[in-house]
Amino acid sequence: MLNLGGRFLEKPTLSICLLFLVFSVSISSYVYSITKPTDSSLAEYYLAENTEYFVGDIPANDNGEIDFQKMHKVYWESISGWINDSELQRITDSEYIWLRSKALPNHKTQEELFFLIEHGGLNLEIFNEYGDSIFKYGNFSDQERLPNIFQSKFNWVKIPNDDSNYYYLRLYHKKGILFVITIVENLVGKQTALYREIALKNLTTIFFHSFFLMIGIICALVFFIEYKKQYNILLDFAAFSLCFGLLGLTSNVLIRYLFTNSETLFILTTVASNFVFIPMLSGVRRLFGSGSYKVLDILIYIDVVICSATTLLVFSLPFADVAHSLLISSRSFFLLFNLLNILGPIYITFEAWKKGNPEAFGHFIGFSVTLLLVIIEISLAIKSNDNSTNKVVLWGVLFGVISQGFALERAIFANRQKAQVYKEDLLKAEKSLKESQLKTLQTKMSPHYLFNSLNTIHALHKIKPELIGDAILSLANNYRFISDRTDRDWIPFEEEWNFLEDYLHLQKLRFYDTVQIDFKKSGDFSSVILPPLLLQPIIENSFKHGFRGSAEEQFQLFIHAKMIRDSVFSFVVYDNGIGIPEELLADKTKLLERSLGNIKERLRNLYSEFSFEVTRNFPEGARTEIEIILTSKVQQVP
């Protein structure tokens, strides 16, 4: 029973259920917010669709009052539909604009009704049809204190309980400056009910965009943690998700209402909306290539230039009148440009699908749906002249986020089994290489060592024949070790130590009484295992390089092995030979080109934690130190 429970917990069943529950509740709440019965205390009220405008100010009479009864004689122009560039420029060039909006019909109730108005870049005053001021913001005589368009303001406006047919809005803004004014969610009603409805309409979208914001942050962290693996498409997806999440959050009316620093939100919205397409295009390019005629390459470079220029234009709105003119005259161009940013991936994914890439089909469908939603959004914006509406586009871009996320999963994680096989093959190849290096070390040592040993025995025959037996026995022990032990991965430390003892005995016979060797060990080595022939080349280095050409008449060699702690092995060798030349000390690569480099490479392949240092000994000679954390052995392929 316990084993069954353990196997259940090893599977991601609980996490999948939790994710399913969260998404189910979120989607259900969103559907409910759309389909639920309308609160009887709320009513729809569309400022833009019910509004007419008059460019310029309406003069007051001799008493400083405006005769609103004569307002019907003024020629009011319709604000519905698409306003052409010249008319929009005429509106922004006038300091005063009047709006006339149909009043809320059948408003005969004792309850106080409100609407929440968002405005930026202007001062305004709202009147009823009888000239009574309903709401006022700002000073109409002080243009220097006008808020800029970055400073989005929210105010609750109480609807008068009268029989007015129209409300009149007097707008005052800096000449040549764009401005914004809209009723939040196009609803009126009791203040508490209206606030609750605004929150319900926006909480689900806040959740989803926060979710994608967190995905972007996590993906970016994974990319930088695994930087050496170069998951570039992961960084594209991270940037795309971050822009998408930021765009949805910073443009959300509830966030704007609650957040006091509206300038920061405006900047983030501008940056995210301008650059959201670039990582998307880059991710598609990495998945399916640039396509015929390098379509995506061209689009990405154009995006970088245009989006950078647009961002600079938007940021210069409060300071340069020409920025408004350029943005107004380029509205149609930006609509077409955004369509191109979606048409490009559609073309590339369709082309890749036709060439036999099955993954491209899902992307083709996703981007096609996005294009359809963007076209619907543009049509709605033109019809209502509401440029702030972007929810359809955001949900359209959501298809791009999801499709690119699934592709990312396939590109990085779906081939996990192949990566594991490749890793095993690589480890086997590394093992073969290490065996080859060890065999090379053996073949280099055998003839050289045998030649020197036979010369030593030949010399003993003439001067000290009684030592020939010991020399031959040490030589036999050494070659028995080389033939029997070096084909193993690991041997007990004592076997390696005995081999060194026989080797040093022969070397002492070779050098007669000119070498003094201090050979000792300290600590408990009973559980220590080492790769064969790891230590001998370090000692040989002193005889081969340190003592050759030295003017010393008495050579000294110190060899000490010790256990510092239970799992830390230390091995130190130093001598009083000729030492290490300055050029080798300055260039570690050349220094390790000798046999010592092979030792360090073997250590790197076998242990994850070790130190290997070759330095000058004082007052003369060379010093080599090895320190190994024995518990840090790298896993080897059998």
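Atoms considered below: every heavy atom in the structure, side chains included; atoms not considered: hydrogens, waters and symmetry mates.
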>> Could you walk me through whether Ile278 and Val304 satisfy the side chain to side chain contact (heavy atoms under 4.5 Å, CB included) test, starting with their C-alpha distance in whole Å, then the side-chain angles of each, then the deciding distance to 0.1 Å, before giving a yes or no?
In response: CA-CA 7 Å; Ile278 294 177; Val304 170; 3.9 Å; yes

>> Run Ile529 and Ile491 through side chain to side chain contact (heavy atoms under 4.5 Å, CB included) and show every step you take.
In response: CA-CA 5 Å; Ile529 57 174; Ile491 61 171; over 6 Å; no

>> Apply ring pair (Phe, Tyr, Trp, His ring centres under 6.0 Å) to residues Phe493 and Phe569 and explain how you reach the verdict.
In response: CA-CA 10 Å; Phe493 168 80; Phe569 171 76; 5.7 Å; yes

> Would Glu625 and Ser611 satisfy side chain to side chain donor-acceptor pair (under 3.5 Å), going step by step from the backbone distance to the final call?
Replying inline: CA-CA 8 Å; Glu625 295 183 59; Ser611 64; over 6 Å; no

>> I'd like to know whether Phe315 forms a side chain to side chain contact (heavy atoms under 4.5 Å, CB included) with Val271, so could you lay out the CA-CA distance, the side-chain angles of the two residues, the decisive distance to 0.1 Å, and finally the verdict.
In response: CA-CA 10 Å; Phe315 289 163; Val271 173; 4.0 Å; yes

>> Checking Asn357 against Phe288 for the side chain to side chain contact (heavy atoms under 4.5 Å, CB included) test, could you report, in this order, the C-alpha distance in whole Å, the side-chain angles of both residues, the deciding distance, and whether it holds?
In response: CA-CA 8 Å; Asn357 189 333; Phe288 308 112; 3.5 Å; yes

> Do Phe519 and His560 pass the ring pair (Phe, Tyr, Trp, His ring centres under 6.0 Å) test, and can you show the C-alpha distance, the side-chain angles, and the key distance before you say yes or no?
Replying inline: CA-CA 6 Å; Phe519 182 62; His560 188 193; over 10 Å; no

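Here the CG-CG distance, from Leu557 to Asp575, works out to 6.5 Å after rounding to the nearest 0.5 Å. Between atom CZ of residue Phe244 and atom CZ of residue Phe277 there is a gap of 11.0 Å, rounded to the nearest 0.5 Å. Atom CG of Leu313 and atom CG of Asn274 lie 9.5 Å apart (nearest 0.5 Å). The distance from atom CG of Leu299 to atom CE of Met280, rounded to the nearest 0.5 Å, is 9.0 Å. In this structure, the separation between CG on Asn617 and OG1 on Thr615 is 7.0 Å, given to the nearest 0.5 Å. To the nearest 0.5 Å, atoms CD (Glu496) and CG (Leu530) are separated by 6.5 Å.
Side chain of Asn576 to main chain of Gly621: no donor-acceptor pair is present (N/O by atom type, distance under 3.5 Å, no hydrogens or angles). Under the 3.5 Å distance criterion, the side-chain polar atoms of Thr624 are left unmatched by any main-chain donor or acceptor of Ile538. Of the possible donor and acceptor atoms, one in the side chain of Asn498 sits under 3.5 Å from a partner among the backbone N and O of Glu494. A distance-only check finds no donor-acceptor pair linking the side chain of Glu620 to the backbone of Gly577 [under 3.5 Å]. Between the side chain of Thr349 and the main chain of Pro345, a donor-acceptor pair closer than 3.5 Å is present.
Across all their heavy atoms, Ser570 and Ile564 have their closest contact at CB-CD1, 3.9 Å. Closest heavy-atom contact between Leu246 and Ala272: CB-CB, 4.1 Å. Residue Leu533 comes nearest to Arg602 through the heavy atom pair O-NH1, 3.2 Å, listed as atom of the first residue, atom of the second, then distance. The two atoms that bring Glu627 and Val568 nearest to each other are CG-CG1, 3.6 Å, heavy atoms only. Shown here for Val573 and Phe571, the closest heavy-atom pair between the two residues is CG2-CE2, 3.4 Å. The two residues Gly289 and Ile348 make their nearest non-hydrogen contact at O-CG2, 3.6 Å.
Between Phe275 and Ser308, some side-chain heavy-atom pair lies under the 4.5 Å cut-off. With a 4.5 Å cut-off on side-chain heavy atoms, Leu630 and Met563 count as touching. Residues Glu495 and Pro492 are in side-chain contact: their nearest non-hydrogen atoms beyond the backbone lie under 4.5 Å apart. Within the 4.5 Å cutoff, the side chain of Pro531 has heavy atoms near those of the Leu534 side chain. You'll find the side chain of Gln556 stays beyond 4.5 Å of the side chain of Ile517, heavy atoms only. With a 4.5 Å cut-off on side-chain heavy atoms, Phe237 and Ile215 count as touching. Counting only heavy atoms from C-beta outward, the side chains of Val515 and Gln507 never approach each other to under 4.5 Å. Under the 4.5 Å side-chain criterion, counting only non-hydrogen atoms from C-beta, Arg604 is not in contact with Phe612.
The aromatic rings of Trp490 and Tyr607 sit perpendicular, their planes meeting at an angle over 60°, well past the 30° parallel limit.
A side chain to side chain contact (heavy atoms under 4.5 Å, CB included) with Leu247 holds for exactly one of Leu242, Thr269, Asn252; it is Thr269.
Ion pair Glu609/Lys633 not flagged as a salt bridge, since none of the NZ, NE, NH1 or NH2 atoms sits closer than 4.0 Å to an Asp/Glu carboxylate oxygen.
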